[in-house]
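Hydrogens, waters and symmetry mates are skipped; everything else that's a heavy atom, side chains included, is used. Chain letters run A, B, ... following the sequence lines, proteins first and then strands; every chain starts at 1. Predicted model, so just to flag it, every value in this text is computed and none were measured.
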Number of protein chains: 2
Amino acid sequence: MVGMTNSTSLSPAREDYLKALYHLEGDSRRVPTTELARSLEVRKPSITAMLRRLHDDGLVAWEPRGGAQLTRRGRAATMRVLRRHRLVETFLVEVLGLDWSDVHDEAEVLEHHLSDRMVEAIDRVLGHPTEDPHGSPIPSTTGSLAARDLVPLASLGTGEAAIVRKVDGRYRKRLLRWKELGLVPGARLEMGEKRDDEGILHVRIDDVDVLTGGRGVEGIWVERRAPAVSELGP
Amino acid sequence: MVGMTNSTSLSPAREDYLKALYHLEGDSRRVPTTELARSLEVRKPSITAMLRRLHDDGLVAWEPRGGAQLTRRGRAATMRVLRRHRLVETFLVEVLGLDWSDVHDEAEVLEHHLSDRMVEAIDRVLGHPTEDPHGSPIPSTTGSLAARDLVPLASLGTGEAAIVRKVDGRYRKRLLRWKELGLVPGARLEMGEKRDDEGILHVRIDDVDVLTGGRGVEGIWVERRAPAVSELGP
DNA sequence: ACGTGGAGTTAGTCATACCTACCATAGTTG
DNA sequence: CAACTATGGTAGGTATGACTAACTCCACGT
């Protein structure tokens, strides 16, 4: 029983599969085995085996060669993991003073080993936050998630203004660069010149012009807003 | 790699065996298989198998039928676990506001899953404490442990005065009762009348006389001190 | 219609950490 | 001294969750 962890007690491996599925299925598509294998860095037969187990548990809809999708129960279980993960990240930054760009890996481990009692204590100490340090919404105890209307930064047209709402926490190096550039949740920016053919774009943050390859901002999600006043001149 | 945890990365099971061995061997004796089995609530063949693995790892001195004992390296590894455990307990009480009597089980899980970076962050936030909430000393980063001269409460003679220094955190119910009685680390007390034949003893705490069976104070460790002044009258 | 390549599965291993059933050694006692 | 008992081991089995090797399925191109 070494792996025993939280109330409903799925193994860490099972929880990781559910999370991967959640992130990959996006707006309700069936996720192919190979994609899960790539995302989890595990060989394909391992995926097949685990999907069968999760199917038997009633957490995932799956048939041989048919792809996989979370069931209602699977989605609920995923929300519990996500809540733990995001509360832990917030906690590590706010209370333990760890760096924004460091906390993802820690949370990746801890999310599987916190009791409900601890999670709620953390939530209480933090004052029931609604977003984690990367800007992702924290699911409620009931598993509901605040819906938002986010688009990838690179999809903005020249002159469009937006607020950074979420950055992908998975890649430490990128996080560090973004942080230097001021590309953090809450930052206001405006898209400058785009050269789609070359994959190069200019972004204005706090009146500083930043040049970057489109690849370099993959994982930054923004919310569109009315363009800056200066752009509306006579 | 699901079980991957902290820097040196022993599995949770291995760390639990080391801890049990540490607690049982006391002042350097060889611990029999059966005792470990009882303490870990695991069958004897599992103990034999694990001792062999730990022996192969160079953490435990063991030969068939010879009992087991931590090596120097095993002891060092144990100190790292103990440090994590006790810092976590302190943290749960001081920062998360969990109850004194609740934290042991949480810490039992978390001690296996905290990175060095997190442990040191916790240590920093707590201001480098030297004792956990149950009064046990917290090993330093180098693995050294403050030595103290503790005796079981029940070993005091009538009239002897002492300070509670440590309570065994493993049994929630006892902890709760001790807490009610004021038998917490730091409490000053004096042994009253003892009836060893009946296993009954009286303890005076804050001038209140508490009657208890000797069994009921197993796990309370005290430091002897000069008897109270009132006892030295003309 | 047919062959090929990639996606997905089956089959069989391995490591960890547990278990039960049974065997061996040794120490105490009639 | 033989028998009984406690202690400690061996053998063999289970569950997870990963792996490689090898097969099947099917869509697509010719």
Side-chain angles (χ1 to χ4, degrees), chain A residues 1-6 8-21 24-25 29-69 77 81 108-109 111-113, chain B residues 1-6 8-21 24-25 29-69 77 81 108-109 111-113:
Chain A
M1 272 268 193
V2 157
M4 239 272 271
T5 50
N6 50 73
T8 23
S9 218
L10 294 168
S11 68
R14 279 166 148 85
E15 292 188 338
D16 284 340
Y17 275 74
L18 293 181
K19 273 200 314 171
L21 205 41
L24 292 174
E25 74 182 21
R29 54 187 269 269
R30 311 211 111 212
V31 180
T33 303
T34 307
E35 257 180 67
L36 276 164
R38 200 170 35 236
S39 164
L40 287 163
E41 299 185 88
V42 142
R43 302 292 160 194
K44 287 182 285 176
S46 311
I47 301 289
T48 304
M50 183 60 97
L51 285 180
R52 179 169 287 126
R53 287 191 285 259
L54 291 172
H55 172 75
D56 294 345
D57 295 346
L59 298 167
V60 162
W62 173 83
E63 331 170 59
R65 281 160 227 280
Q69 197 170 17
V81 184
E108 206 60 42
V109 175
E111 64 186 1
H112 306 300
H113 302 286
Chain B
M1 272 271 194
V2 157
M4 240 274 273
T5 50
N6 50 72
T8 24
S9 219
L10 294 168
S11 68
R14 280 166 146 84
E15 292 188 339
D16 284 339
Y17 276 73
L18 293 181
K19 273 200 313 171
L21 204 41
L24 292 174
E25 74 182 23
R29 52 187 270 268
R30 311 212 111 211
V31 179
T33 303
T34 307
E35 255 180 70
L36 275 164
R38 199 170 36 237
S39 165
L40 287 163
E41 300 186 85
V42 142
R43 301 294 160 195
K44 287 182 284 179
S46 310
I47 301 289
T48 305
M50 183 59 98
L51 286 180
R52 181 168 284 127
R53 286 191 287 260
L54 291 172
H55 172 75
D56 294 346
D57 294 346
L59 298 167
V60 162
W62 173 83
E63 329 169 62
R65 281 158 226 283
Q69 197 171 16
V81 183
E108 206 61 42
V109 175
E111 65 185 1
H112 305 300
H113 302 287

If we only count heavy atoms from C-beta on, is the M50(B) to V60(B) side-chain gap below 4.5 Å?
no
Hey, what bend do you get for the helix from dA1(C)-dT30(D) to dG30(C)-dC1(D) if you fit axes on five pairs at each end, rounded to 10°?
30°
Applying salt bridge (charged side-chain N to carboxylate O under 4.0 Å, His left out) to E35(A) and not counting sequence neighbours gives R29(A)
Taking the side chain as every heavy atom from C-beta outward, state whether L10(A) and V81(A) have any pair of such atoms under 4.5 Å apart.
no
Could you check how far CG of L18(A) sits from P of dG17(D), rounded to whole Å?
11 Å
Should T33(B) be listed as having a side-chain N or O under 4.0 Å from OP1 or OP2 of dG9(D)?
yes
Euclidean distance, atom CG of residue L36(A) to atom P of dA18(D) [Å, nearest integer]:
12 Å
Sequence neighbours excluded, which residues qualify as side-chain hydrogen bond (donor to acceptor under 3.5 Å, both in side chains) partners of E108(A)?
K19(A), H104(A)
Whole-Å distance, Y17(A) OH to dG17(D) P, equals 9 Å
If I take atom CZ in residue R52(A) and atom C1' in nucleotide dG17(D), what distance separates them, rounded to the nearest angstrom?
15 Å
Expressed in angstrom and rounded to an integer, what is the separation of E15(B) atom CD from dT16(C) atom P?
15 Å
So, with a heavy-atom separation below 4.0 Å from DNA chain D, the residues of residues 39-49 of chain B are K44(B), P45(B), T48(B)
Which of residues 55-66 of chain B sit near DNA chain D, with a heavy atom under 4.0 Å from it?
W62(B), E63(B), P64(B), R65(B)
I'd like to know if the side chain of R14(A) reaches the main chain of L54(A), judged simply by a donor and an acceptor atom lying under 3.5 Å from each other, with no hydrogens or angles considered.
no
Would you mind reading off the distance between R30(A) atom CZ and dG8(C) atom P, rounded to a whole angstrom?
12 Å
In whole angstrom, what separates L51(A)'s CG from dG8(C)'s C1'?
11 Å
side-chain hydrogen bond (donor to acceptor under 3.5 Å, both in side chains) with R53(B): which residues, sequence neighbours excluded?
none
Evaluate Y17(A) against V42(A) for side-chain contact (heavy atoms from CB on, under 4.5 Å), listing each step before the verdict.
CA-CA 11 Å; Y17(A) 275 74; V42(A) 142; 3.5 Å; yes
dA17(C), OP1 or OP2 - any side-chain N/O from R14(B) closer than 4.0 Å?
yes
Hits for side-chain hydrogen bond (donor to acceptor under 3.5 Å, both in side chains) against E25(A), two or more places apart or cross-chain, chain-then-number order -> R75(A)
Which whole-number value in Å describes the distance from M50(B) CE to dG8(D) P?
18 Å
Atom pair OG (S39(B)) and CG (D16(B)), whose distance is rounded to the nearest 0.5 Å
9.5 Å
Reckon S11(B) has a side-chain N or O less than 4.0 Å from the OP1 or OP2 of dA17(C)?
yes
Pairs involving residues 41-52 of chain A, ordered by first then second residue, that meet salt bridge (charged side-chain N to carboxylate O under 4.0 Å, His left out) (sequence neighbours left out):
none
Does the side-chain contact (heavy atoms from CB on, under 4.5 Å) test come out yes or no for R65(A) and T33(A), once each step is laid out?
CA-CA 8 Å; R65(A) 281 160 227 280; T33(A) 303; over 6 Å; no
